[in-house]
Amino acid sequence: MARKTLNITIEDNNRDKGKKFLITEWPAQTADNWGNRLILAAGRAGSQIDHIIGTGMAGVFLLGFQALMRMEENTALALIDELLTCVQIVEPALTRSVTRDDIEEVRTLWHLRKEVFALHVGFSWAEIQQALISAMESMGSSIIQTSQESSGKSSPRAKPRSRNSRRS
């Protein structure tokens, strides 16, 4: 079976408007190696993974971007940049690997990286966001329950603050 592909046309009104890109799924071994390097680097950076158990690839996604913030800079940048290795620019005469000069907007870089990730995990961006929201809601209720069980009583509910209230 052929690898999955995704055609992207930049529609933002900026210097990359109208540029076309082709994203081709990595071979399984390449994708697995990338994910394993991310997890190993996250562990070296001190990230905890117990909160993502059971959340599937959405949890790995959450772990990855949280962990990137803790990783050594060169490791994090290499993992982020590697996402672009399966992106090609589609020009009238040929389709070729992307070079540094092909993309002029930072927003385009992040849009392409997001699409690369979504292609490899099989989720749409909206599905990833919904899965993360569900996982965080679930985590919040289990944290509250655990806290109540350990103290033997429930915590008083905080009163909602209005948007105009000031912090002391």
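For the numbers below, each heavy atom of this structure counts, side chains included, while hydrogens, waters and symmetry mates do not.
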> More than 12 foreign heavy atoms under 6.0 Å from CZ of Arg96: is that the case here?
Replying inline: yes
Is the shortest heavy-atom distance from the side chain of [X] to the side chain of [Y] under 4.5 Å?
| X | Y | value |
| --- | --- | --- |
| Thr85 | Thr30 | no |
| Cys86 | Arg3 | no |
| Asp12 | Glu105 | no |
| Leu83 | Trp110 | no |
| Leu94 | Glu91 | yes |

>> Using the side chain to side chain contact (heavy atoms under 4.5 Å, CB included) definition, which of the options Leu109, Ile23, Thr24, Leu22 pairs with Val87?
In response: Ile23
> Does any donor atom in the side chain of Asp102 or Thr99 lie under 3.5 Å from an acceptor atom in the other side chain?
Replying inline: yes
> So, Glu72 side chain and Asn74 main chain: donor-acceptor pair closer than 3.5 Å or not?
Replying inline: yes
> Looking at residues at least two apart in the chain, or sitting in another chain, which of them share a side chain to side chain donor-acceptor pair (under 3.5 Å) with Glu82?
Replying inline: Arg37
>> Looking at every heavy atom in both His120 and Val116, which two are closest together, and how far apart are they?
In response: ND1-O, 2.8 Å
>> Which residues pass the side chain to side chain contact (heavy atoms under 4.5 Å, CB included) test with Glu104, not counting sequence neighbours?
In response: Arg15, Asp16, Lys19
